[in-house]
Each structure stands twice: as structure tokens, then as C-alpha cells.
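Structure first, commentary second.
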Amino acid sequence: MPTTVAPIDEDTIQTLDRDGAVCLRGRFDRRWIELAAAGIRRNLEHPSPLFQSFSPDGGGAFHSDIWSRRHIPELETFALESPSAAIAARCLRTRKVRLLQDTWFLKSPGTQVRTPWHHDNVVLGPFCSIWVALDAIPREAALEFVRGSHRWNQLFMPESFFEKDEKALPAVEDFYSRYHGKLDLSANETFSRLPDIEAKRSDYDILSWDLEPGDCLVFHARTLHGAPGNTLAHDTRRMVTRWVDETAVLAPHGGAVVERLAAEGFGVDLTIGGPIRGDLFPVIEPLA
């Protein structure tokens with residue numbers, strides 16, 4: 001499936017560096033949208049051990065799966081051959097990128113579950129996400145960003161990370177706690193408490209866009225981001241790939257991710273402070 005990638009101008013990359021997120025219009029044509037949608041349908045029928053359902057009883061569905069390209073051919077093709085790698089390489093200012101992760105999110109009508117405010121902090125170094133809208137998603141239902149938060153030079157964890165009593169968390173909050181830092185209270189000084197952005201939205205410069213199918217959001221991993229539930233009359237589906245360059249390393253608090261991957265039978269050989277390498281993280285040179 002040959003791919004042509006429209007150029008990304010220097011002003012856009014500088015905006016990404018300054019704000020932490022940009023919207024690129026129409027970068028994925030109908031064939032890529034349909035391919036990703038078919039992959040998600042197949043994945044729902046054949047979930048991996050890392051499949052997540054964040055929905056409480058009733059009120060719509062919120063589903064996701066991770067690294068499912070390993071057994072879903074459509075998602076493998078999308079991750080490795082779509083414009084995503086070239087967009088990431090241009091935005092990271094490199095000719096060679098590594099696919100860190102493929103994932104997708106589906107929120108059905110009626111789900112009130114928010115994607116909580118968070119950032120992706122288990123990898124240190126150049127690291128960006130390409131978030132592709134597969135459906136029309138108006139601003140009030142789309143991913144949001146705190147402009148410039150990737151430049152605050154802080155690692156954030158939710159309030160629950162700092163609590164000494166082990167209260168049960170809603171499924172989505174538990175997921176982000178487990179995957180974005182090893183839950184070890186001795187590491188409290190590593191992290192800052194995530195501010196209550198929802199309670200004080202007017203204190204922050206929050207970015208979001210109205211999206212059409214094929215539009216994509218590109219954002220730095222450290223940019224704080226979150227998303228509301230789905231009050232629309234149709235599903236909101238997003239296909240996401242995450243990319244690093246050759247200098248990125250596993251963060252000191254990234255052990256939880258390695259342990260989970262090993263427990264699920266992934267053949268990974270990652271070490272704290274070591275570079276991202278191995279078959280699970282293929283290297284692509286889209287601009288060669």
C-alpha cells in the first residue's frame with residue numbers, strides 16, 4: 001500500500017515544540033481510516049491479554065487494546081506503513097524512528113468515562129504520539145491538552161499515587177496509574193501531584209480541535225492530556241501510534257511496564273536507563 005506524505009512545514013514543528021500539540025488536517029485518507037476501523041472490529045472479536053474495558057456497568061462502552069498489531073494484520077499494516085512514521089520522523093527531526101506502541105480507543109455513545117488528565121512518562125527522551133481520528137469528533141468530545149505543559153520539567157502522577165491507603169480505583173484511573181509509573185511510595189519525590197485541571201480549567205490554556213476522519217493530533221509525550229466521555233450519537237474511535245528516536249531510554253520508574261510485558265509473554269529485553277530496542281519496537285526510516 002504505497003504512501004505519500006504531505007510535507008510538514010517548519011512553523012508547524014516549532015508550534016509543536018512550543019505548545020506540545022498540533023493538529024494536522026487530512027493526513028490519513030479513506031483507505032487508512034477503513035483499514036484501522038477494520039482492525040479495531042477484528043480486535044474487539046479477538047482481544048489480546050492487554051485488552052482493557054474501562055466501562056462501569058451500563059452507560060456506554062470505553063475499550064482499548066495495546067500492541068495488538070502483533071495479531072491483527074490490519075493494525076500491523078497501519079502501524080508500519082501508514083503516514084504515521086513519516087509524520088513522527090519529521091516532528092522528531094530525525095530520519096529513523098522506533099514504533100514504541102500501537103493502541104486504539106473506542107468510546108460508544110453514552111459513556112461518561114473520562115480519559116483522565118495524564119502524560120506518558122515511562123520513556124525519557126524524544127517521544128511523540130500520532131492520534132488519528134477515525135470518526136468526526138467535535139471539540140467537546142476530543143482529546144485536550146494543557147498548552148506548554150511538556151516544558152514544565154515535571155513528572156506527574158495522580159493524587160491516588162500519593163495516598164497510603166490502597167483504595168480501589170475506577171478501571172481507567174487504575175490503568176493509567178499502573179502504566180505511567182511503578183506504584184512505589186518510596187518514589188514520591190520523583191513525581192509531582194497532578195493538578196486538578198478539571199476543577200480549575202480556567203487556570204490553564206487548554207487546546208482542542210474539531211476533528212474530521214483522517215485528521216490527526218501530534219503531541220509530545222509529556223504534554224498533559226485527557227478526554228471527556230462520549231455524548232455524541234456515534235462511536236468515537238481513535239487509532240494511536242507512539243514513536244521514539246534512537247536516544248530515548250526507559251525511565252527509572254518504568255519497571256512496571258517491563259514487568260507487565262514479561263508477565264504477558266512479550267519477549268522484551270529492556271533495562272532501566274537503557275535504550276528502547278528489540279523486536280517489539282521496530283525501527284523505520286520513512287524519510288530515507
Side-chain angles (χ1 to χ4, degrees), residues 15-16 18-23 52-64 103 105-122 127 129 131 133 137-185 187-211 217-232 236 238 240 251 253 256:
T15 299
L16 172 62
R18 182 192 69 225
D19 293 349
V22 293
C23 178
Q52 300 285 332
S53 180
F54 301 121
S55 312
D57 292 338
F62 180 11
H63 300 310
S64 180
T103 186
F105 300 98
L106 183 155
K107 290 183 180 179
S108 69
T111 183
Q112 299 300 309
V113 180
R114 272 195 64 89
T115 304
W117 288 100
H118 69 285
H119 62 180
D120 305 321
N121 62 30
V122 297
F127 174 12
S129 294
W131 190 102
I137 307 176
R139 183 171 303 194
E140 60 268 22
L143 194 63
E144 300 178 307
F145 305 89
V146 177
R147 190 198 301 264
S149 53
H150 63 307
R151 293 181 171 271
W152 292 354
N153 197 29
Q154 291 175 283
L155 291 171
F156 289 103
M157 287 294 284
E159 188 69 25
S160 58
F161 175 81
F162 299 90
E163 300 297 331
K164 293 189 177 180
D165 57 327
E166 296 187 3
K167 295 182 293 187
L169 295 174
V172 67
E173 292 183 25
D174 179 63
F175 170 81
Y176 282 103
S177 292
R178 285 186 291 114
Y179 272 90
H180 292 85
K182 190 172 178 61
L183 296 182
D184 176 0
L185 288 174
N188 275 2
E189 293 182 0
T190 302
F191 301 104
S192 299
R193 291 175 187 259
L194 183 69
D196 191 347
I197 296 166
E198 278 304 290
K200 299 180 178 179
R201 287 178 65 93
S202 61
D203 290 352
Y204 300 94
D205 187 359
I206 295 178
L207 292 171
S208 63
W209 292 268
D210 294 315
L211 302 171
L217 303 176
V218 185
F219 57 98
H220 286 296
R222 290 284 182 81
T223 308
L224 287 171
H225 53 283
N230 181 6
T231 59
L232 307 175
T236 56
R238 296 87 88 193
V240 185
H253 51 279

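Since the structure is predicted, the reported quantities are computational estimates derived from the model, not experimental observations.
A distance of 8.5 Å separates CD in E140 from OG in S208, rounded to the nearest 0.5 Å. Here the OG1 atom belonging to T223 is positioned 11.5 Å from the CG atom belonging to L217, to the nearest 0.5 angstrom. Taking CG of L224 as the reference point, atom CD1 of I206 lies at 10.0 Å (rounded to 0.5 Å).
For N230 against K107, the heavy-atom pair with the smallest separation is ND2-O, 2.8 Å. In plain terms, the two heavy atoms of A133 and I137 that are nearest each other are CB-CD1, 4.2 Å. In this structure, P228 and A141 approach most closely via the heavy-atom pair CG-CA, 3.7 Å. Taking every heavy atom of both residues into account, V218 and L16 meet most closely at O-CD1, 3.5 Å. Residues A142 and L211 share a closest heavy-atom pair of CB-CD1, 4.2 Å. Annotation for V113 and F54: closest pair CG2-O, 3.9 Å, computed over non-hydrogen atoms.
When only modelled atom types and interatomic distance are considered, H118 and H225 share a side-chain donor-acceptor pair under 3.5 Å. No side-chain donor from either of S149 and R151 sits under 3.5 Å from a side-chain acceptor of the other.
For E198, the side chain to side chain donor-acceptor pair (under 3.5 Å) test picks out W117, R201, with sequence neighbours left out. For F145, the ring pair (Phe, Tyr, Trp, His ring centres under 6.0 Å) criterion is met by F219, not counting sequence neighbours. In terms of the side chain to side chain donor-acceptor pair (under 3.5 Å) criterion, residue partners of S129 (sequence neighbours excluded) are, by chain and number, R242. When the side chain to side chain donor-acceptor pair (under 3.5 Å) test is applied to D205, the partners found at least two apart in sequence or on another chain are R147. Q154 meets the side-chain contact (heavy atoms from CB on, under 4.5 Å) test with W152, F156, S192; sequence neighbours excluded. For H150, there are no side chain to side chain donor-acceptor pair (under 3.5 Å) partners, not counting sequence neighbours. Listed by chain and residue number, Q112 satisfy the side-chain contact (heavy atoms from CB on, under 4.5 Å) test with T231 (two or more places apart in sequence, or in another chain).
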- [ ] Verify side-chain contact (heavy atoms from CB on, under 4.5 Å) between N121 and R222, making sure each step is shown before the conclusion.
- [x] CA-CA 6 Å; N121 62 30; R222 290 284 182 81; 4.2 Å; yes
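Put simply, the side chain of S64 reaches to within 4.5 Å of the side chain of T103, judged on heavy atoms. A 4.5 Å side-chain heavy-atom check between P138 and D210 finds at least one atom pair inside the cut-off. Residues L106 and T236 are not in side-chain contact: their nearest non-hydrogen atoms beyond the backbone lie 4.5 Å or more apart.
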